[in-house]
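Reading through the structure tokens given below for one structure.
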Amino acid sequence: MSNTKVDILLLGSGGREHALLVKLAESPRAGKLYVAPGNGGMDVMAKKVEGLDVESPVAVADWAREHNIGLVVIGPEAPLVAGVADAVRSAGIPCFGPNGDAAQMEGSKKFAKQVMARAGVPTAAYRSFTDQESCEAYVRQVGAPIVIKADGLAAGKGVIVAKTLEEALEGVQECFSGVFGDAGATVVVEETLEGPECSLLALTDGRTVVPLATAQDHKRALDGDKGPNTGGMGVYSPVPEHLVSAEALAAMVDIEQRVVAELASEGITYSGCLYGGFMLTAEGPKVLEFNARFGDPETQVVLPRMKADLVDVFLACDNGTLTPDMVSWDDDWAVSVVLTSAGYPGSYEKGKVITGIEKAEALEGVTVYHAGTAVADSELVTAGGRVLDVTAVAPTFEEARARAYEACALIDFEGKTYRSDIGLRAVR
Ligand code: AMP
Ligand code: GLY
């Protein structure tokens, strides 16, 4: 790899992007850093690009060309599905993140299911429907429990795990009613899988797949996995062996390799991060979903444990030279607790002053990644449902968990809400 510095444009505004920015900034190859739109914590490390439409392929490619950007890193799914990576690559600029065709692995659940079937990858049995009547008839015939999913991107909201037939039919009705926009025009109906969940992020250049560490997200809003689904309330890494055996891990890696190889055989190069969400069933891991990007909040526990020059690694994903030796791991554990605004994932208030982050970060191994924050009148305030990701890294799981919660207690804002049981599943 050359040693020349590259100027980087990072797209996104969440805790995931803050964690990516911190890791990119550590690279000796990082030149000027730009972020669009960013959040209240990223401006200190990167220049905020005002007014750039990050979902417009032409706008992003033009901006990157005009500013001599050497690497565009795409955090969230919407720009990927919109084809921003295609436009950036067409402009001759290296890009981290799959092109639009490959991003369909996240952008269309039906597409992903079809690829999985051709790749021989285990996943829940399913049927897809484009008209409400036949969908309802099928749901009545199969009965509950059953899972209803809007086909397209629905910001993490288009999945209904129905315990009763009524809930299932309500879910079908909701999808077809248009609340998820075009995302719900096609509906996927799946069998319900059971077991603990596990995420496995992998980096790939379209040929070589380098698995990153396992992580376990906590998707429900309340302790004990109660309450509505959210974008993720907390996470830890790695997932211990009593939950993910070496055999299960090997099976998950094999699944991701097979998907990338299947896409390649169909003429689709998948380069970037492939996020596999798995259910660890009695019959082995089965795919719940694929995402075409890093997970949020998984990234906030995986990247701090990763030893790699992220600029080199991302460029290698883009230009087809990724090798497994580019990434190694330290033995530490990481736990991240998400501080949310009261009411999330429903409606919540914004603009509450945040204090105590410096005290929290003074604790050993603690990093506070910003998610929904903004700076208003030179004060840091809340600006979203998920506000901060309080992450602690330590030699043992227990220390990491205790340190993360100690840090959470030092931070204050009106309406601060968080789960108290993040990571308890890792304790036998
Ligand atoms: P997804 O966005 O597809 O990951 O779905 C969100 C959440 O819904 C997952 O993390 C699971 O908890 C749950 N889920 C999705 N599909 C299934 C399934 N087939 N069986 C049981 N739970 C599921
Ligand atoms: N942590 C779930 C996701 O990133 O989709």
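First listed ligand is number 1; within each ligand, the first listed atom is number 1. Sequential numbering from 1 along the given sequence is applied to the chain's residues.
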Worksheet entry | Donor-acceptor pair between S341 and K350 side chains, under 3.5 angstrom | no

Item to complete: Examine ligand 1 and decide if any of its atoms is less than 4.0 Å from a heavy atom belonging to E194.
Response: no

Practice prompt. Looking only at distances, please establish whether an N/O atom of ligand 2 is found under 3.5 Å from an N/O atom of K219.
Written response: no

Worksheet item: Between V244, L249, L288, which is the residue that forms a side-chain contact (heavy atoms from CB on, under 4.5 Å) with C198?
Response: V244

Worksheet item: Would you say G295 contacts ligand 2, with heavy atoms under 4.0 Å as the rule?
Response: yes

Item to complete: Check V235 against ligand 2 and report side chain, backbone, both or neither, counting heavy atoms closer than 4.0 Å.
Response: neither

Worksheet item: Heavy atom under 4.0 Å from ligand 1: found in V161's side chain, backbone, both, or neither?
Response: side chain

Item to complete: May I ask which of T281, V147, V189 has a heavy atom nearer to atom 18 (C) of ligand 1 than the others do?
Response: V147

Worksheet item: Is D421 salt-bridged to R401, cutoff N-O under 4.0 Å?
Response: no

Item to complete: Could you list which atoms of ligand 2 come closer than 4.0 Å to a heavy atom of D217?
Response: 1 (N), 2 (C)

Worksheet item: For L9, which of I74, I93, V60, V88 qualifies under side-chain contact (heavy atoms from CB on, under 4.5 Å)?
Response: V60

Worksheet item: Is E190 salt-bridged to K109, cutoff N-O under 4.0 Å?
Response: no

Discussion item. Between D312 and R29, does any NZ, NE, NH1 or NH2 come within less than 4.0 Å of an OD or OE carboxylate oxygen?
Written reply: yes

Practice prompt. Tell me whether the guanidinium CZ or amine NZ of R16 lies under 6.0 angstrom from the six-membered ring centre of F294 and within 45° of its axis.
Written response: no

Worksheet, complete the sentence: Counting from 1 in the order shown, the ligand 1 atoms closer than 4.0 Å to a non-hydrogen atom of K219 are 4 (O), 10 (O)

Item to complete: Give yes if a backbone or side-chain nitrogen or oxygen of N229 is under 3.5 Å from a nitrogen or oxygen of ligand 1, and no if not.
Response: no

Practice prompt. Measure the distances from the heavy atoms of Y275 to every atom of ligand 2 and state whether one is below 4.0 angstrom.
Written response: yes

Worksheet item: Less than 3.5 Å between some nitrogen or oxygen of R16 and one of ligand 2, yes or no?
Response: no

Worksheet entry | Residue E197 vicinity, atoms of ligand 1 by number, heavy atom under 4.0 Å | 9 (C), 10 (O), 11 (C), 12 (O)

Discussion item. Pairing donors with acceptors under 3.5 angstrom, does anything connect the side chains of S420 and D223?
Written reply: yes

Practice prompt. Can you pull out the closest protein heavy atom to atom 5 (O) of ligand 2? Residue, atom name and distance to 0.1 Å, please.
Written response: R293 NH2, 2.9 Å

Discussion item. Is there a polar contact, in the sense of an N or O pair closer than 3.5 Å, between E298 and ligand 2?
Written reply: yes

Item to complete: Say whether G277 and ligand 2 are in contact under the criterion: heavy-atom distance to a ligand atom below 4.0 Å.
Response: no

Worksheet item: In terms of the angle between their ring planes, are H18 and H370 parallel, tilted or perpendicular, with boundaries placed at 30° and 60°?
Response: perpendicular

Practice prompt. Mind listing the closest non-hydrogen atom pair of G232 and P297 along with its distance?
Written response: CA-CD, 4.0 Å

Discussion item. I'd like to check which ligand 1 atoms, numbered from 1 as shown, lie under 4.0 Å from a non-hydrogen atom of L193.
Written reply: 18 (C), 19 (N), 20 (N), 21 (C)

Worksheet item: So, T396 versus E399: side-chain donor-acceptor pair below 3.5 Å or not?
Response: yes

Worksheet item: Has ligand 1 got any nitrogen or oxygen that is less than 3.5 angstrom from a nitrogen or oxygen of M279?
Response: no

Worksheet, complete the sentence: In short, C135 meets V187 closest at the heavy-atom pair SG-CG1, 4.0 Å

Discussion item. Would E191 count as being in polar contact with ligand 1, using the rule that some N or O on each side must be under 3.5 angstrom apart?
Written reply: yes

Worksheet item: Any idea which atoms of ligand 1 are less than 4.0 Å away from a heavy-atom of T192?
Response: 20 (N), 21 (C)

Fill in: Interfacing atoms of ligand 1 (cut-off 4.0 Å, heavy-atom, K149)
3 (O), 15 (C), 16 (N)

